[in-house]
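Everything on this sheet refers to the single structure shown next.
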Amino acid sequence: MTRHTSTEKPRTKQWIVRLDLFEEGDLTKVHAILDTGDTTLQSRTSARRNPHDALVPEIGDEYAAGRALIDLGNQLLRAGSTDAAPSDLTAPG
């Protein structure tokens, strides 16, 4: 068994996620921004309280923010898939 040692230093990056939540009655809106330093992704989502549910604003916050984070995750997966796809360098130009 061979032990692999790397001479490269570990790379550390910081990505910043910002969630701005806006409450308007039974509607909670979220504007989510992901800044990777190389690119910025954004999502706008919302959640509306069912009139039969208890009046607990935190639940709307959680649903709307969760939806925004899922959307950002899907955008990241699409971007990674696009970036990983081989480019056609043999196309006539």
Side-chain angles (χ1 to χ4, degrees):
M1 189 179 217
T2 304
R3 183 175 179 197
H4 176 70
T5 58
S6 175
T7 58
E8 294 181 29
K9 291 183 179 179
R11 189 173 72 136
T12 303
K13 295 179 99 177
Q14 181 180 31
W15 289 8
I16 299 169
V17 176
R18 177 179 170 160
L19 300 174
D20 294 316
L21 290 82
F22 309 92
E23 293 180 3
E24 300 173 3
D26 289 341
L27 180 67
T28 302
K29 298 179 183 179
V30 173
H31 179 208
I33 303 166
L34 169 64
D35 181 357
T36 70
D38 298 319
T39 190
T40 301
L41 301 176
Q42 296 187 47
S43 176
R44 293 180 187 273
T45 60
S46 63
R48 183 175 299 280
R49 184 180 72 86
N50 183 321
H52 302 290
D53 290 344
L55 182 57
V56 182
E58 292 81 12
I59 296 172
D61 295 349
E62 293 163 350
Y63 273 112
R67 290 173 181 161
L69 292 170
I70 288 169
D71 183 49
L72 286 177
N74 286 329
Q75 289 181 50
L76 280 172
L77 291 171
R78 283 191 301 273
S81 178
T82 299
D83 291 346
S87 62
D88 186 2
L89 300 177
T90 61

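Residue numbers count from 1 along this sequence.
Leu76 and Val17 fall within a single hydrophobic cluster, where Ile, Leu, Val, Met, Phe, Trp and Tyr side chains are chained together by heavy-atom contacts under 4.5 Å. In the hydrophobic clustering of ILVMFWY residues, with side-chain heavy atoms under 4.5 Å counting as a link, Ile33 and Leu21 come out apart. Placement of Phe22 and Leu19 in two distinct hydrophobic clusters is found when ILVMFWY residues are connected by side-chain heavy-atom separations under 4.5 Å, directly or transitively.
Note that OG1 of Thr36 is 7.0 Å distant from CG of Leu41, once rounded to the nearest 0.5 Å. The line from CG of Leu77 to OG1 of Thr82 is 10.5 Å long, rounded to the nearest 0.5 Å. Taking OG1 of Thr28 as the start and CD1 of Ile59 as the end, the distance is 10.5 Å to the nearest 0.5 Å. Separation of atoms OG (Ser43) and CZ (Arg67) is listed at 11.0 Å; rounding is to 0.5 Å. Interatomic distance, Gln42 CD to Arg44 CZ, rounded to the nearest 0.5 Å: 6.0 Å. Here Arg48 contributes atom CZ and Leu27 contributes atom CG; the two are 4.5 Å apart, rounded to the nearest 0.5 Å.
When all heavy atoms of Arg49 and Leu55 are compared, the closest pair comes out as NE-CD1, 3.7 Å. When all heavy atoms of Glu23 and Asp61 are compared, the pair lying nearest together is OE2-OD1, 2.7 Å. Between Ala68 and Val30, the closest heavy-atom pair is CB-CG1, 3.8 Å. For the pair Gly60 and Ala47, the tightest heavy-atom approach, listed with the atom from each and the gap, is O-CB, 3.8 Å.
Side-chain contact between Lys13 and Asp38 is present, with at least one heavy-atom pair separated by less than 4.5 Å.
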After noting the C-alpha distance and the side-chain angles of Trp15 and Leu34, does the key distance pass the side-chain contact (heavy atoms from CB on, under 4.5 Å) rule?
CA-CA 7 Å; Trp15 289 8; Leu34 169 64; 4.0 Å; yes
